[in-house]
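Worksheet: the structure to be examined is printed underneath.
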Amino acid sequence: MLELKNISFQPNDAPILSHLNLTINEGETVSIIGPSGSGKSTLLRLMADLISPTDGQCFLNGKNYISYKPEQLRQTVSYCPQTPTLFGETIFDNVSFPAKIRKEKCDIKRANYLLTAFNLSQYDLNTNVSRFSGGEKQRLAIIRQLMYVPKFLLLDEATSALDQKNQQLVEQEIFKYHQEKGLGIIWITHDIKQSTRLFSRRLTIEQGKISNEEVIK
Amino acid sequence: MSMTSLILASSLLIIPIIVSYKQQLDLTKDMIISVLRAIIQLLIVGYILTFVFEAKQPLIILMLVFIILINAALNTRKRVPNVVNHGFWISLFALVISTSITMTILILTGALQFKVNEIIPVSGMVISNAMVAINIGYTNLEKAFTQQRMEIEAKLSLGALPHLASKTQIQDTMKMAVIPTIDSAKTLGIVALPGMMSGLIIAGTPPLQAIRFQIMVTFMLLSATMIATMIAIFISYKQFYNKRHQLKI
Ligand SMILES: Nc1ncnc2c1ncn2[C@@H]1O[C@H](COP(=O)(O)OP(=O)(O)OP(=O)(O)O)[C@@H](O)[C@H]1O
Ligand SMILES: [Mg+2]
């Protein structure tokens, strides 16, 4: 369970998030919508402990974030950034990074499975990524995040550069882990249809506050 | 060389000043100040050296080396990245370690004698090269962390420790700092007849002996710049992160 209690984030004069309260249960699926600049990415970065709130506290399973090692927390609550940034030169450099973190061998079979599931099967692990299109980058970045399935996956407009068909492929694969492994999903999107299609709850963020909260199914 | 020829040779400075002015490089002031500083510093040092070369006590020699070290460390402060605290001490530490290791090996192997007229010029060379390497290192470290913030943060959000998340940036920074020394070693004799060697030859040392000295200098500069940048970069990169392993910039 993720809990944010009275969270504010105010690095300078103007608050970006103010007095925000939010509880997300294990295995819950939540979409987040809201105007540009309202603080959605900031909220997810806070949840992933990439920044700390200037006021208030975050809890994972009832324990304060500061009692976890940052790395352990980020492997459990895993944030896929809004702008996909690829590592190194090849697909392998990217899909093997999570294994490198854990000092394990890269699961090549899983990498190839995910490449196929995300419609990138025309490439192999040695393919150079420097010419990848925006949508290909997005998909590879999500694959990287799924090499080890976290407890909560935080997606920041993860399919914004994809066509309808690829978008649905990605959704299907991600929600498969929700059904099979109880993966919790928190997904920022500007696509209103997408925000109601698969999620159980939808939050609207406006000017750093949750202005609306709807239960969808 | 007479004093008059030297003064006339200063006309060479007109060219960079004009280029800097025309291209709006904003370097004219810096250039004039640095030249004036160089002249004054060298004059003072010239007098001190004349006096000091009489000195035989090891303590005086070590003290002189230490003064050079302090000055070099002070000179790195401007390049220390904004988020890094205690830049002076980090640089001084890196310079002291790299200089002591390099100089100790040179003395133990008999390549150098512990005499003021050998120790002072050679350690000056070591320290100034290490200082330049540290400065390049600082500048590139800050650049790498600022420009590649997103990559580092993507690695952090997968659960990487700071060292792994910024490994590429640290490696690139180290390379950039040491490459000038490596490159100049590659062209020794072909492009550059280095200052010291030329000096020795002009002063009448047989070329083969001067070259032996130069080869030693090349070894020592490679080792010193590598050690110094490694220490300075490895201590300072950590300060780009806070306790929660979040990027400060
Ligand atoms: N560390 C920071 N310091 C100062 N301002 C910040 C910081 N981080 C974010 N901001 C500002 O906070 C506001 C919210 O940013 P955020 O990225 O959370 O918006 P968003 O809702 O994700 O927008 P978009 O839909 O365009 O991605 C922006 O105006 C941004 O400039
Ligand atoms: Mg955003």
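Nothing here was measured: the structure is a model prediction, and the numbers come from that model. Throughout, a chain's letter reflects where its sequence line sits, starting with A, and its residues are numbered from 1.
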Top contributor to chain B interface from A:Pro70, A:Gly88, A:Ser78 [non-hydrogen pairs under 4.5 Å]: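 Greatest number of close heavy-atom pairs with chain B: A:Pro70.
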
For chain B, the option from A:Thr76, A:Leu86, A:Thr85, A:Leu50 that forms the most heavy-atom pairs under 4.5 Å: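 Heavy-atom pair counts peak at A:Leu50.
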
Evaluation steps, side-chain contact (heavy atoms from CB on, under 4.5 Å), between A:Glu28 and A:Leu2: CA-CA 10 Å; A:Glu28 206 182 345; A:Leu2 274 181; over 6 Å; no

Evaluation steps, side-chain contact (heavy atoms from CB on, under 4.5 Å), between B:Thr187 and B:Asp183: CA-CA 7 Å; B:Thr187 56; B:Asp183 280 352; over 6 Å; no

Geometric class of the B:Phe240/B:Phe145 ring pair [parallel <30°, tilted 30-60°, perpendicular >60°]: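 Rings of B:Phe145 and B:Phe240: parallel, as their planes differ by under 30°.
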
Ring geometry between A:Trp187 and A:Phe199 (parallel below 30°, tilted from 30 to 60°, perpendicular above 60°):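 Perpendicular, since the angle between the ring planes exceeds 60°.
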
Proximity breakdown for A:Phe97 and chain B, heavy-atom pairs closer than 4.5 Å: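 Side chain only.
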
Contact origin within A:Arg144 toward chain B - heavy atom pairs under 4.5 Å: both

Non-hydrogen side-chain atoms of A:Leu43 and A:Ile186 separated by less than 4.5 Å: no

Leading residue by heavy atom contact count with chain A [cutoff under 4.5 Å; candidates B:Gln148, B:Lys243, B:Met150]: B:Met150

